[in-house]
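So the structure is just underneath, and the comments pick up after that.
Reckoned from all heavy atoms, side chains included, excluding hydrogens, waters and symmetry mates.
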Amino acid sequence: MQQFWISALILVLLTAAALLAAIIAALQHLAHGRPVAVVASRLVARRKPGLMALRLAHNLMALAALATTFWQARAWPGVDFALLSFAAGMTLALIGRIIPSGVGAAVPEATLSRLGYFGLVAAILFAPLAAVMQMLKLAALRSFGLTFDLSEQHDALRDDIAGAIALGHSGGAMQKEDRDRLLGALDLSDRAVEEIMRHRRQIEMINVDDAPGDIVSQMLASPHSRLPVYRDETENILGVIHTKDLLRELDRLLRGESPEGLESLDILKVAKKPYFIPNTTSLDEQMREFLKRRTHFALVVDEYGALQGLITLEDILEEIVGDITDEFDVVSRDSGLKPGANGEYLVEGAMTIRDLNRATDWQLPDAEANTIAGLVIHEAQMIPAEGQVFHFHGFRIEIAQRRENRITKLKLRRVV
């Protein structure tokens, strides 16, 4: 009878270790602000300290299961402890860590929804011991003359804030729009300008060699107040012209004390010096630079100095508050995301994955690509033809329209 209860204890400890491994993996792979059950959201709200307590609990459960196995094996005649150690270690690694971690990483929301209460109880019970271990860790670092990494404190604080926001949204105390704004502000330091910049193919430019009348007409027809000025080729940016500066110069040429006429317009005379930034600059840093320089417009270049695109202060603010449109912005009638009869969305290929995730509460990965079209090309390892259908990350994706080598429209539908 005693052997039965010991075997049951080993099974319980192994199961607890497996569940904790799944919860830890789910917490690590759950995107900020994802909606989960109320109990799970309390665990998400204490993600950083909770992870430390859960890791400690997992290690202790695994060690207890291993120690109990060896203690029981004393009564087994002729047991080979070397072979037993190998078999027990492999079983513990596979069942107690590898398999449940894979499940938790694959479906983090479902894992936390089902195991949130167990994880919350474990995190609370082991939190005091985890705090003691943290103090011992800091003391050991100081004894070797090492200092604590402040970036880790920063990340922990940000995770705590993000978890509190997710808890407020899951509990119904915060609207989705408010959650998105707050999380958007938190994520600025983790995102680079290349992720949201307007690509160089979409940049409207002025050729300095065009006739003055054509330049004025182009400026008046453009929905933008600032346009880059180039000569010979678009890579050769000479300046940036502002509509107000152009109007002041036109007023001087046409209504000044000694009018010179429109043909005397020298666009470079009123163009401002271009402001170039590297494509790896973080959005948080670039926003501070915009405010410091009192400018709203920057051209983005890569490590070789080649033009990649442009970014404005408005682009960064839109990452926080959503799209900002005025009376001059061109907005198509079908620009809003509306599902069809079967839950299918028709989206532009150039739409960023982040914008789509925010609008639909999806969780498409954006580590390898910034746009929906880029994600499809990355996953397919090819430029798909019009009409092709793919199944990636739990979505059915159909190429609705392609122009030359660009995917312009796609149909997306969630299938899981």
Side-chain angles (χ1 to χ4, degrees), residues 22 25-26 28-36 98-113 176 180 183-184 187 190-202 279 302 308-309 318-319 322-323 331-416:
Q28 291 175 325
H29 288 82
L30 182 70
H32 287 319
R34 293 297 301 170
V36 291
I98 297 176
I99 294 178
S101 293
V103 174
V107 284
E109 298 167 32
T111 300
L112 292 177
S113 296
K176 175 181 179 299
D180 290 342
L183 292 178
D187 289 342
D190 288 336
R191 308 190 63 217
V193 296
E194 63 182 350
E195 298 181 44
I196 68 167
M197 69 180 182
R198 181 184 298 270
H199 193 268
R200 61 183 179 186
R201 295 187 59 164
Q202 301 172 311
N279 57 357
D302 63 13
Q308 298 296 301
E318 284 182 341
E319 291 300 302
D323 288 339
V331 182
S332 60
R333 292 182 179 179
D334 57 348
S335 59
L337 278 175
K338 296 180 180 179
N342 59 349
E344 194 172 60
Y345 289 84
L346 180 65
V347 302
E348 298 287 335
M351 184 177 191
T352 64
I353 300 171
R354 178 178 171 83
D355 287 343
L356 181 61
N357 285 340
R358 289 179 63 171
T360 58
D361 261 340
W362 289 346
Q363 199 174 353
L364 285 166
D366 59 356
E368 302 295 339
N370 295 327
T371 64
I372 305 300
L375 176 64
V376 173
I377 293 173
H378 169 75
E379 295 290 348
Q381 296 296 302
M382 58 179 283
I383 301 177
E386 195 168 299
Q388 278 191 274
V389 177
F390 301 92
H391 289 82
F392 299 135
H393 307 292
F395 288 84
R396 180 187 184 274
I397 304 176
E398 179 182 347
I399 310 303
Q401 187 180 81
R402 170 180 161 178
R403 293 179 181 173
E404 298 177 349
N405 290 329
R406 292 186 298 117
I407 301 174
T408 54
K409 289 186 182 296
L410 305 98
K411 294 180 180 179
L412 286 86
R413 175 165 55 88
R414 197 166 191 172
V415 294
V416 292

[X]: what forms a side-chain contact (heavy atoms from CB on, under 4.5 Å) with it, not counting sequence neighbours?
X	value
Gln202	Arg198, His199, Ala350
Ala192	Glu194, Glu195
Ile99	Leu94

So which atom in [X] and which in [Y] form the shortest heavy-atom distance, rounded to 0.1 Å?
X	Y	answer
Ala26	Pro108	O-CB, 3.5 Å
Leu375	Ala369	N-CB, 3.4 Å
Ala385	Ile399	O-CB, 3.5 Å
Ala25	Ala105	CB-N, 3.9 Å

Leu356 and Leu412: CA distance, side-chain angles, deciding distance, side chain to side chain contact (heavy atoms under 4.5 Å, CB included) verdict:
CA-CA 11 Å; Leu356 181 61; Leu412 286 86; 4.0 Å; yes
Checking Asn357 side chain against Leu364 main chain: does a donor-acceptor pair fall under 3.5 Å?
yes
Quick one: side-chain hydrogen bond (donor to acceptor under 3.5 Å, both in side chains) partners of [X], sequence neighbours excluded?
X	answer
Thr352	Asp355
Asn370	none
Gln401	Thr408

Verdict with reasoning, Val376 to Phe390, per side chain to side chain contact (heavy atoms under 4.5 Å, CB included):
CA-CA 8 Å; Val376 173; Phe390 301 92; 4.2 Å; yes
Non-hydrogen side-chain atoms of Ile383 and Arg402 separated by less than 4.5 Å:
yes
I'd like to check Ile353 versus Thr371 (side-chain heavy atoms, cut-off strictly below 4.5 Å). Are they in contact?
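Side-chain contact under 4.5 Å: no.
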Which pairs pass salt bridge (charged side-chain N to carboxylate O under 4.0 Å, His left out) with one or both residues in residues 382-392, sequence neighbours excluded?
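Not a single pair qualifies under salt bridge (charged side-chain N to carboxylate O under 4.0 Å, His left out).
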Applying salt bridge (charged side-chain N to carboxylate O under 4.0 Å, His left out) to Arg354 and not counting sequence neighbours gives Asp187, Glu319
Quick one: salt bridge (charged side-chain N to carboxylate O under 4.0 Å, His left out) partners of Arg396, sequence neighbours excluded?
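Expected list: Glu344, Glu398.
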In this structure, are over 12 heavy atoms from other groups packed under 6.0 Å from Gln381 atom CD?
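Above 12, so yes.
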Any chance you could measure Ile377, atom CD1, to Met382, atom CE, to the nearest 0.5 Å?
9.5 Å
Among pairs that include at least one residue of residues 337-358, which meet ring pair (Phe, Tyr, Trp, His ring centres under 6.0 Å), considering only residues two or more places apart or in two chains?
Tyr345-Trp362
